[in-house]
There are 2 protein chains.
Amino acid sequence: MPTIADVAKLAGLSRATVSRVINNHPYVSEEKKKLVREAMDALNFYPNSSAQKLRSQKTETIAVFVPLLTNPFFAYLLEGIDTVAHDYGYQLLVCQTRYDKEKELNFLRLLKTKQVDGIILTSIENNWEKIKNFTECGPIILCNEYDDQAKIPSVRLDQEYGGYIGTRHFIEKGYTKIAYCRGFCRDQFVSRISAEREVGYKRALSEFGLKNRKEWVFENVSDVESGRQVLRKILLLKDPPTAVFTGSDQVAAGIINEAATCGLRVPEDIAVIGFDNQPIAEITVPPITTIMQPMQEIGQQAGKLLMDVIEKKDQKDVEDILLSLHLIERAST
Amino acid sequence: MPTIADVAKLAGLSRATVSRVINNHPYVSEEKKKLVREAMDALNFYPNSSAQKLRSQKTETIAVFVPLLTNPFFAYLLEGIDTVAHDYGYQLLVCQTRYDKEKELNFLRLLKTKQVDGIILTSIENNWEKIKNFTECGPIILCNEYDDQAKIPSVRLDQEYGGYIGTRHFIEKGYTKIAYCRGFCRDQFVSRISAEREVGYKRALSEFGLKNRKEWVFENVSDVESGRQVLRKILLLKDPPTAVFTGSDQVAAGIINEAATCGLRVPEDIAVIGFDNQPIAEITVPPITTIMQPMQEIGQQAGKLLMDVIEKKDQKDVEDILLSLHLIERAST
DNA sequence: TTGAAAGCGATACCAA
DNA sequence: TTGGTATCGCTTTCAA
């Protein structure tokens with residue numbers, strides 16, 4: 001592999017001049033510029049990126065933490081982030097935490113070792129105390145998931161409101177036996193998102209005088225298969241709910257699918273509300289009533305936010321971004 | 001940020017010794033090792049990754065090119081690759097080409113600038129001639145997509161066979177008017193995968209004395225929405241097909257969904273075969289008969305293959321990997 | 001077992 | 001406008 005020194009020698013110029021041409025600096029005569037270009041072409045030269053990074057102390061790379069790549073919600077988030085990052089000339093390092101504390105902690109070191117210029121967290125696996133230590137090493141922002149103690153820039157949605165309007169929708173439709181599905185939990189640690197939505201769910205229940213029943217709250221429900229399991233569990237209950245509020249359209253699809261398998265009608269025997277408004281929400285039969293989150297936009301805003309923080313890291317006045325949620329009614333309720 | 005020199009000074013030792021401790025080299029006395037560790041902790045020291053990369057000429061990072069992150073097939077591929085890469089201690093740089101020649105070419109530079117140790121291509125946008133230039137700069141392997149001229153390690157499946165068994169299945173079920181959906185095409189450039197499957201499709205047709213009709217071949221069909229469009233186009237034909245062979249379960253789901261909207265029954269009015277065996281294949285009503293590809297395994301094998309090539313790059317005897325395809329019958333045919 | 005010092009490849013300051 | 005050279009932070013040979 002040729003280096004800048006080889007190019008300089010071939011062009012009969014100094015390394016400094018070659019570097020200036022690479023970086024489009026002013027004060028290089030057209031004549032020399034041409035010489036350098038020719039030498040670079042002749043040698044098929046490309047600047048070594050590690051050397052550039054070491055010298056400039058910038059990597060033009062960001063890391064995005066997602067729990068699972070195969071969860072469409074995170075795929076859309078990632079897609080949105082990528083759009084913006086790419087526009088700003090940044091590369092994307094994808095870190096799949098698999099809902100694992102240790103993995104998350106290991107990936108956070110990327111910031112300490114200066115392997116990335118910043119991090120976007122789309123989920124949180126550790127107590128904030130642990131993560132907090134890393135916030136001094138470089139910009140970290142939150143997207144989707146959040147934490148009350150986290151004093152860092154974030155893009156979020158009013159999840160409590162989401163839980164509320166979904167539950168209220170059920171009630172207005174006449175359902176009174178409403179179950180709730182929490183997302184993936186490790187240990188006793190429930191994601192804030194899931195917890196906030198549950199607060200909204202309970203608020204709606206109590207507002208309409210319904211009581212909240214423990215046996216109607218399910219845990220670790222995050223994909224199609226776990227949705228199917230929830231339906232099977234419901235069938236075993238003496239007093240089963242007639243409506244289920246879920247944390248994603250994937251889960252809702254699983255419930256609807258299993259309901260058909262078990263000969264139940266949706267929404268007559270069991271009604272379902274999803275979350276996200278993923279494409280699958282229009283594919284199931286019946287299609288899914290859901291709380292729409294602008295997935296790609298959330299990602300884009302997060303990407304933009306991180307770019308802002310990176311480029312003007314002195315200014316602490318970067319504003320949090322709050323996007324809105326709304327209900328889309330389809331035939332599952 | 002503290003450097004190795006700071007640690008050395010605090011520990012009262014040389015930089016060399018500190019480096020040895022960082023890299024777990026032998027011949028460092030326990031006593032000094034302890035001193036170094038304490039100094040590192042005291043300073044909260046982490047080695048600068050760009051410096052390490054520059055010095056060692058390795059990045060422990062690989063790039064994976066995918067056309068679109070929101071296409072579940074590629075998400076599963078990526079997930080498989082990530083599993084293996086992570087086990088080997090490699091990071092994943094995700095490059096979304098968006099089916100764009102220029103983007104692909106730009107990303108290939110990552111190899112020239114030594115930003116990654118290797119690349120996995122899951123699709124191909126440029127003529128092989130162009131990509132070939134980069135194969136000398138570092139290991140590139142092919143996964144899923146392929147090219148006859150490409151003499152590089154690859155993980156592939158017999159797509160022609162896939163096209164054949166799907167079409168034959170239709171014929172055996174009594175369908176004679178069978179349409180085919182090509183994948184995404186830019187210019188006149190059809191992906192080899194799509195082309196190979198089409199060869200199998202035609203072979204089955206001619207084997208059973210059916211003729212291949214141009215108006216039953218659709219182009220640029222790669223997601224749910226384009227599947228819906230195909231169904232609408234079919235309805236406009238004077239002599240419409242009664243069965244459609246598609247390139248992915250996403251497309252199949254779109255066709256089935258639009259069929260329902262238009263009041264058509266599947267498979268009575270129109271039968272559909274998908275590809276991949278994605279989770280959605282079991283969610284639609286009816287569920288999708290499909291050609292199963294072991295998506296995650298394809299990714300894992302590709303990851304493994306690239307690791308092999310990187311770690312023993314002298315040996316050219318890395319073998320191509322051929323995985324197998326089979327048909328899963330469900331109610332859409 | 002430890003240390004001194006030469007590089008890895010590029011950038012940018014200071015002089016000319 | 002151009003060049004010499006110190007520097008970014010770490011690894012590794014060679015000598016001690």
Side-chain angles (χ1 to χ4, degrees), chain A residues 1-40 43-61 109-117 137-138, chain B residues 1-40 43-61 109-117 137-138:
Chain A
M1 279 288 121
T3 73
I4 212 172
D6 301 316
V7 177
K9 192 190 298 173
L10 182 60
L13 293 163
S14 74
R15 281 148 56 204
T17 304
V18 175
S19 173
R20 289 192 189 99
V21 174
I22 293 172
N23 298 289
N24 274 316
H25 278 302
Y27 304 123
V28 183
S29 67
E30 282 306 322
E31 178 201 6
K32 313 276 175 181
K33 210 176 275 183
K34 189 156 162 287
L35 279 172
V36 171
R37 293 255 161 73
E38 286 169 358
M40 297 200 328
L43 295 170
N44 197 10
F45 166 86
Y46 284 82
N48 179 296
S49 121
S50 300
Q52 287 184 313
K53 289 175 182 169
L54 173 59
R55 184 60 232 232
S56 66
Q57 307 283 40
K58 301 185 69 255
T59 65
E60 314 265 83
T61 304
R109 292 213 208 122
L110 291 170
L111 215 48
K112 297 223 186 230
T113 61
K114 296 279 170 252
Q115 218 165 139
V116 298
D117 293 338
C137 308
Chain B
M1 280 287 119
T3 72
I4 211 173
D6 301 318
V7 178
K9 193 189 298 173
L10 183 60
L13 293 162
S14 72
R15 281 148 56 204
T17 302
V18 176
S19 172
R20 289 193 187 96
V21 174
I22 293 172
N23 298 289
N24 273 315
H25 278 302
Y27 304 121
V28 182
S29 66
E30 282 306 322
E31 176 201 5
K32 313 277 172 180
K33 211 177 274 185
K34 186 154 164 291
L35 281 173
V36 172
R37 293 256 162 72
E38 286 169 359
M40 297 201 325
L43 295 171
N44 197 10
F45 166 85
Y46 285 82
N48 179 295
S49 121
S50 300
Q52 288 183 311
K53 289 176 184 170
L54 175 58
R55 181 61 228 233
S56 65
Q57 306 283 42
K58 301 185 68 256
T59 65
E60 315 264 85
T61 305
R109 291 213 210 121
L110 291 170
L111 215 48
K112 298 222 186 231
T113 61
K114 297 276 170 254
Q115 219 166 137
V116 298
D117 293 337
C137 309

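Here is how names work: the chains are called A, B, and so on, in the same order as the sequence lines, proteins then strands, and each is numbered from 1. Computed over heavy atoms, backbone and side chain alike; hydrogens, waters and symmetry mates excluded.
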Enquirer: Looking at every heavy atom in both L35(A) and A11(A), which two are closest together, and how far apart are they?
Expert: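 So the two residues come closest at O-CB, 4.0 Å.
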
Enquirer: Rounded to whole angstroms, how far apart are CG on L43(A) and P on dG9(C)?
Expert: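 So the CG-P distance, L43(A) to dG9(C), works out to 14 Å.
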
Enquirer: In Å and rounded to the nearest 0.5 Å, what is the CD1 to CG distance from I4(A) to L43(A)?
Expert: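 If I round to the nearest 0.5 Å, the distance is 12.0 Å.
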
Enquirer: For K32(B), report the nucleic acid contact type (base, sugar-phosphate, nothing); a contact means any heavy atom under 4.0 Å.
Expert: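 Touches sugar-phosphate only.
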
Enquirer: Roughly how many Å is it from CG in L54(A) to C1' in dA10(C), rounded to a whole number?
Expert: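 Checked: the CG to C1' distance equals 9 Å.
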
Enquirer: Rounded to the nearest 0.5 Å, what's the gap from OG on S50(B) to CD on Q52(A)? Could you check?
Expert: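 So the gap between those two atoms works out to 10.5 Å.
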
Enquirer: Looking at residues 23-31 of chain B, who's got a heavy atom less than 4.0 Å off DNA chain D?
Expert: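 Listed by number, they are N23(B), H25(B).
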
Enquirer: For residues Q115(B) and T61(B), report the shortest heavy-atom separation together with the two atoms involved.
Expert: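 For Q115(B) versus T61(B), the nearest heavy atoms are O-CB, 4.2 Å.
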
Enquirer: Please list residues of residues 1-12 of chain A whose heavy atoms come under 4.0 Å from any atom in DNA chain C, ordered by number; otherwise none.
Expert: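 Those residues are T3(A), I4(A).
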
Enquirer: If the helix axis at each end comes from five base pairs, how far does the helix from dT1(C)-dA16(D) to dA16(C)-dT1(D) deviate from straight, to 10°?
Expert: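 The two end axes of the helix from dT1(C)-dA16(D) to dA16(C)-dT1(D) meet at 40°.
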
Enquirer: Please name the pair of heavy atoms, one in N48(B) and one in Q57(A), separated by the smallest distance, quoted to 0.1 Å.
Expert: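 Between these two residues, the closest heavy atoms are ND2-OE1, 4.0 Å.
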
Enquirer: Does anything in residues 45-52 of chain A reach DNA chain D, meaning a heavy atom under 4.0 Å, and if so which residues?
Expert: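 Residues of residues 45-52 of chain A under 4.0 Å from DNA chain D: none.
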
Enquirer: Do you know which two heavy atoms are closest between G138(B) and L111(B), and how far apart they sit?
Expert: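 Closest approach of G138(B) to L111(B): O-CD2, 3.6 Å.
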
Enquirer: Could you tell me how far apart R15(B) (CZ) and dG7(C) (C1') are, to the nearest whole angstrom?
Expert: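 Rounding to the nearest Å, CZ of R15(B) and C1' of dG7(C) are 11 Å apart.
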
Enquirer: Got a second to check how far N24(B)'s CG is from K33(B)'s NZ, nearest 0.5 Å?
Expert: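 Between N24(B) CG and K33(B) NZ, I get 6.5 Å after rounding to 0.5 Å.
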
Enquirer: Using side chain to side chain contact (heavy atoms under 4.5 Å, CB included) as the criterion, list what pairs up with K32(A), not counting sequence neighbours.
Expert: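 Testing K32(A) for side chain to side chain contact (heavy atoms under 4.5 Å, CB included), a comparison that skips the adjacent residues, returns L13(A), V28(A), S29(A).
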
Enquirer: Give the minimum heavy-atom separation between T59(B) and K114(B), together with the two atoms involved.
Expert: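 The answer is CG2-O, 3.3 Å.
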
Enquirer: 5' to 3' on DNA chain D, which nucleotides open and close the contacts with chain B (atom under 4.0 Å from a heavy atom)?
Expert: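 Footprint of chain B along DNA chain D, 5' to 3': dG9(D) to dT13(D).
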
Enquirer: Using a strict cut-off of less than 4.0 Å between a Lys/Arg side-chain nitrogen and an Asp/Glu carboxylate oxygen, indicate whether K34(A) and E38(A) qualify as a salt bridge.
Expert: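 Looking at K34(A) and E38(A), the cut-off is met.
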
Enquirer: At their closest point, which heavy atom of T113(A) faces which heavy atom of Y46(B), and how far apart are they?
Expert: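 In this case the closest contact between T113(A) and Y46(B) is CG2-CB, 4.2 Å.
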
Enquirer: Taking 4.0 Å as the cut-off, does a side-chain nitrogen or oxygen of Q57(B) come that near to OP1 or OP2 on dG9(C)?
Expert: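 Yes.
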
Enquirer: Is it true that a side-chain atom of S19(A) and a backbone atom of R15(A) form a donor plus acceptor pair closer than 3.5 Å?
Expert: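 No, S19(A) side chain to R15(A) backbone: no donor-acceptor pair under 3.5 Å.
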
Enquirer: Does any non-hydrogen side-chain atom of N44(A) lie less than 4.5 Å from one of K112(B)?
Expert: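 They are in side-chain contact.
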
Enquirer: Starting at CD1 of I22(B), measure out to CZ of R37(B) and round the result to the nearest 0.5 Å.
Expert: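 That separation rounds to 10.5 Å.
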
Enquirer: Counting only heavy atoms not in K58(B), do more than 12 fall under 6.0 Å of its NZ?
Expert: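 Atom NZ in K58(B) is packed in, count exceeds 12.
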
Enquirer: Atom NZ in K53(B), atom OG in S49(A): separation rounded to 0.5 Å?
Expert: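 If we round to the nearest 0.5 Å, K53(B):NZ and S49(A):OG are 7.0 Å apart.
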
Enquirer: What is the distance from CD of Q115(B) to P of dC8(C), rounded to the nearest Å?
Expert: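 Interatomic distance, CD of Q115(B) to P of dC8(C): 21 Å.
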
Enquirer: Counting only distance, no hydrogens or angles, is the base of dT11(C) paired donor-acceptor with the side chain of R20(A) under 3.5 Å?
Expert: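 When only heavy-atom distances are counted, R20(A) does not reach the base of dT11(C) through any donor-acceptor pair under 3.5 Å.
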
